[in-house]
Amino acid sequence: MTIHHSCFKNPFEAKAQGVNWKNDFPESSEYLDRFFQDNAIAEIHDVFISPNHLIERWLTSTRMTIGELGFGFGLNFLATAELWQKHKGTSQIETLNYIAIDEALPTKAQIGRVLKNFPELRNVGDDFLTSYEPIHNDTHTIDIPTLNLRLTLIQNTANDACKNLLGYSNNRVDAWYLDGFDPSKNKEMWSQDLAQAIGMLSSKHATFGTFTAAGFVKRNFQKFGFEVTKSKGFGTKRHKLTGRLNSIGKKSEGPKSNNKRVAVIGSGIAGSCAAFHAAKHGAMVDVFEYGQEVASGTSSNPIAALYPRFSNNNSPYAYLIAQSYFFAEKLYASLSNGYVQSGLLFTHPNDYQAEWMKSMEGLQREDLFEVIPKAQMIAEHGLDSKGLKMLQGGYLLPKILCAELLNHASIKVHPEHCLENWSQKNLKINLQFSNQDHGAQYDALIIASGAGLMNLLPNLTISKGQLVGLSQKQDHAPKLPINSEGYILPSLHGITWLGATYDREFQDMEPSKSSGELLISNTERSLGIEFNNPEDHLMEARFRVGSKDRIPMAGKLNSHENIYVMGALGSRGFSLAPLLGEFISSMIHDIPSPISTGIALSLDPNRFTN
C-alpha cells in the first residue's frame with residue numbers, strides 16, 4: 001500500500017497562522033517571533049535572492065524551480081514574483097515554478113493586511129490573491145498566467161511535504177529559500193532528516209540561502225552534499241549561510257525543450273483534459289478521436305454532475321478525491337461554456353449515505369457544506385427529509401465542456417482516427433491508424449481512450465451505465481443535482497434526467513427497458529415522490545470503465561519513457577480528469593507534480609503487473 005505523508009487527519013482539517021499583530025506586522029503566537037522585519041524586502045534580496053543568483057540564472061536557464069520552506073504570508077514568493085516581472089522578458093524560461101511549504105497558511109485578509117506595508121508588491125499581490133483559495137490542506141497548484149508563474153503550495157510539515165515530493169525527477173529544486181523560525185524554537189525545520197531530503201530533491205547545481213548560521217545546520221547540509229559558506233548576515237544579524245550542491249554523483253541534466261509535440265488518443269473528458277494541460281504548458285497537441293465528433297464515447301451523456309464523495313481520513317485516495325474535485329471545479333468555472341455552478345444537494349440517504357453525510361457535517365466546514373433542515377427542504381425542494389448542500393459544485397454538459405477544453409490554438413482534433421499501434425525510435429513516437437495515414441512524430445503519447453484501454457491494461461473492469469430522461473414536465477424539476485440512492489439532474493431541453501444504473505453483466509450497449517423502469521421506481525421510492533408520466537421517457541447507455549481496486553490509472557505505461565495512459569475513472573471522470581491531466585503534463589514538461597508521490601504510486605497503471 002502506498003503512503004501519503006500528512007500531519008493532518010483528513011484533507012479538510014484547517015490550520016491557520018497563529019498571529020499577534022503589532023502595527024500591522026505579524027508575530028507568531030507559537031514561536032514568539034516576528035515573521036519578518038520592517039525592511040523585509042531588502043532582507044529577502046540579501047538572504048535568498050542574491051545567494052541563489054536568480055537574475056543571472058534566469059538569463060541562461062530554460063527552466064527553474066524555486067523551493068521555499070516556510071511560506072508564512074507569502075512575502076518571499078511575492079518579492080520573487082515582483083523581481084521576475086522585471087526580468088522575465090530577457091529569460092528563456094516560459095513559466096517560473098515555485099514550490100512553497102508551510103504547515104499553517106494565512107487567510108486572504110491576513111495577506112492583504114501584510115501587503116499594506118509593502119506597496120511595491122501590491123500589483124503582484126493582487127494577481128496572486130485572485131487565485132489563492134486554500135480550501136483543503138496539502139497540495140494546491142496555482143497558475144498565475146499574468147505573472148508567468150506557477151505556484152505549488154503545500155500545506156504540511158516540511159518533513160512530510162519533502163517526503164511526498166521524493167521519487168519524481170520533475171519535483172527537483174534549483175534554488176532553495178530556507179526560511180523557518182529560529183532553529184532553537186523550530187527544531188523540526190532544521191533536522192538532519194530534512195537536510196537529507198533537501199539534498200535528494202535538489203538538482204545538480206542547486207543552491208540555497210538562509211538567515212541562520214547555526215553550526216549544526218551547516219554540518220547537516222555539508223553531510224548531504226552541500227558546500228556551505230558562512231558570511232555576513234543582514235542588518236544586525238552577524239552571519240548567514242549559503243550553499244551550493246557538490247554535484248559529484250548527481251545525474252547530468254540536459255536542457256529541456258518547451259516545444260513538445262504530444263499526441264492524445266481520445267477526446268472524452270480524460271483526453272480533453274490531458275490535451276488542455278499539455279497545450280497550456282506549451283505543447284503542440286494532436287487529439288485523435290475514433291468517432292466523427294468530440295466526445296463520441298463514454299463522455300457523450302447529455303448532462304452530468306460533479307460528485308464530491310469525500311473521505312474523512314488521510315489516505316492517498318482521500319487526498320486524491322478532495323484535491324481533484326476542487327481542481328476540477330476551479331477549472332470548469334473558468335471556462336465560458338459547459339458548466340453551471342449550482343451546488344449539489346444530498347437528501348433521503350440510505351444507511352451508508354447517512355453515515356457519510358454525518359461525517360461531512362462533522363468536518364465543521366460551513367464554507368463547504370450547508371445543513372438544510374427538513375422544514376426548509378419541504379418548502380424549497382418539496383422533499384420530506386433534511387438535506388446537506390455542497391456549496392461548491394454543479395452540473396455540466398459533457399460534449400460542450402470537452403469542446404471548450406479543446407478550443408485552444410495549440411490543439412488540433414482529428415476525427416475518425418482508430419489507433420492500431422505505435423512505434424518508437426530515438427524517443428520519437430510514430431502512430432499507425434487502421435483507417436488513416438498520419439506521418440507526424442511525437443515527443444509524448446497519452447492514451448485516454450476509455451474502454452479502448454481494455455486491450456492495453458490488465459485488471460480493468462467494465463460496466464454499463466444507463467440514464468433515463470423523463471420527457472414530461474415534472475413537478476420535481478430541480479435547479480441543482482439532487483443525490484439520494486440515485487440522482488436527479490436539472491432539466492435540459494425539457495427533459496429531466498435520472499441516473500444511474502450499474503450493470504456489470506450485459507450483452508450489448510442497447511438501453512435496457514427493465515433497468516430503466518427500475519431506476520425510475522427506485523428514485524421515486526428513495527425520494528418519496530411521484531413522477532409525471534414516467535412511462536414517457538428516453539434512455540441512454542454508456543460504458544463505464546474502472547479498475548479492480550476502484551482507483552483510477554494515470555502515469556507512464558510500463559517502462560516507456562514517454563508513453564502515458566489515463567483512464568479507469570469510473571463514475572467520477574469529470575472530477576478526476578483535470579488533476580490527472582495536469583499530473584501527466586507535469587511529467588511531460590518536467591514541472592512540479594500537482595500530487596504527492598504516494599498518490600501517484602497508487603495511480604500507477606502498472607501496479608497490477610509490478
Side-chain angles (χ1 to χ4, degrees), residues 135 264 266-277 287 289 294-310 317 320-346 390-407 446 448-451 453 463 465-467 480-483 486-490 492 497-500 502 540-547 550-554 566-585 594-595 603:
I135 296 171
V264 178
S267 68
I269 191 60
S272 295
C273 287
F276 173 86
H277 289 293
V287 177
E289 165 60 43
V294 165
S296 295
T298 306
S299 298
S300 61
N301 276 328
I303 188 170
L306 288 180
Y307 194 56
R309 187 48 65 91
F310 304 127
Y317 186 71
L320 171 66
I321 294 300
Q323 292 177 21
S324 64
Y325 180 86
F326 292 104
F327 189 92
E329 211 277 335
K330 186 175 183 179
L331 171 61
Y332 296 157
S334 72
L335 302 177
S336 301
N337 298 294
Y339 179 63
V340 179
Q341 288 181 294
S342 62
L344 303 102
L345 187 61
F346 295 85
M390 176 69 198
L391 300 176
Q392 287 193 234
Y395 63 96
L396 46 90
L397 310 178
K399 292 180 77 70
I400 294 175
L401 189 70
C402 290
E404 187 80 8
L405 289 165
L406 295 172
N407 184 23
I446 305 171
S449 52
L453 292 173
S463 62
Q466 188 165 294
L467 297 181
L480 77 173
I482 294 179
N483 298 267
Y487 56 82
I488 308 177
L489 297 172
L492 178 67
W497 290 95
L498 315 178
Y502 293 83
E540 298 275 354
R542 301 287 186 274
F543 285 122
R544 185 184 289 113
V545 182
S547 68
R550 299 187 179 183
I551 295 175
M553 294 185 172
M566 176 177 164
L569 307 187
S571 59
R572 295 180 182 159
F574 291 102
S575 59
L576 288 165
L579 183 64
L580 300 188
E582 174 75 354
F583 166 57
I584 289 176
S585 187
I595 59 176
L603 299 170

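This is a predicted model, so every value here is computed, not measured. Hydrogens, waters and symmetry mates are skipped; everything else that's a heavy atom, side chains included, is used.
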**Prompt:** Taking atom types as modelled and ignoring hydrogens, do the side chains of S571 and R544 form a donor-acceptor contact shorter than 3.5 angstrom?
**Reply:** no
Is there a side-chain contact (heavy atoms from CB on, under 4.5 Å) between L306 and Y332? Walk through the geometry before answering.
CA-CA 10 Å; L306 288 180; Y332 296 157; 3.8 Å; yes
Could you measure the distance from the [atom1] atom of [X] to the [atom2] atom of [Y]? Nearest 0.5 Å is fine.
{"X": "Y307", "Y": "Y325", "atom1": "OH", "atom2": "OH", "answer": "11.5 Å"}
{"X": "S342", "Y": "M390", "atom1": "OG", "atom2": "CE", "answer": "11.5 Å"}
{"X": "L569", "Y": "S575", "atom1": "CG", "atom2": "OG", "answer": "8.5 Å"}
{"X": "L576", "Y": "I269", "atom1": "CG", "atom2": "CD1", "answer": "10.5 Å"}
{"X": "L467", "Y": "I303", "atom1": "CG", "atom2": "CD1", "answer": "9.5 Å"}
{"X": "S336", "Y": "N407", "atom1": "OG", "atom2": "CG", "answer": "8.5 Å"}

Taking the side chain as every heavy atom from C-beta outward, state whether [X] and [Y] have any pair of such atoms under 4.5 Å apart.
{"X": "I551", "Y": "L603", "answer": "yes"}
{"X": "F276", "Y": "L331", "answer": "yes"}
{"X": "P578", "Y": "F327", "answer": "yes"}

Looking at [X] and [Y], what are the two nearest heavy atoms and their distance?
{"X": "S585", "Y": "H277", "result": "OG-O, 3.3 Å"}
{"X": "L406", "Y": "S267", "result": "CD1-CB, 4.1 Å"}
{"X": "R542", "Y": "S300", "result": "NE-OG, 2.7 Å"}
{"X": "K399", "Y": "A295", "result": "NZ-O, 3.0 Å"}
{"X": "P302", "Y": "L397", "result": "O-CD2, 3.8 Å"}
{"X": "P594", "Y": "Q323", "result": "O-OE1, 3.6 Å"}

Q.
If we ignore hydrogens and angles and just use 3.5 Å, is the side chain of S324 paired with the main-chain N or O of L320 as donor and acceptor?
A.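 Judged by distance alone, yes, a pair lies under 3.5 Å.
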| field | side-chain contact (heavy atoms from CB on, under 4.5 Å) between V294 and V287, intermediate numbers included | value | CA-CA 10 Å; V294 165; V287 177; over 6 Å; no
Aromatic centroids of Y339 and F574 separated by under 6.0 Å: no
Tell me, with the steps shown, if L492 and Y395 meet side-chain contact (heavy atoms from CB on, under 4.5 Å).
-> CA-CA 11 Å; L492 178 67; Y395 63 96; over 6 Å; no
Show, in sequence, the C-alpha distance, side-chain angles and deciding distance for L453 and V545, and conclude whether the side-chain contact (heavy atoms from CB on, under 4.5 Å) test is met.
CA-CA 9 Å; L453 292 173; V545 182; 5.7 Å; no
Q) Counting only heavy atoms not in R550, do more than 12 sit closer than 6.0 Å to its CZ atom? A) no
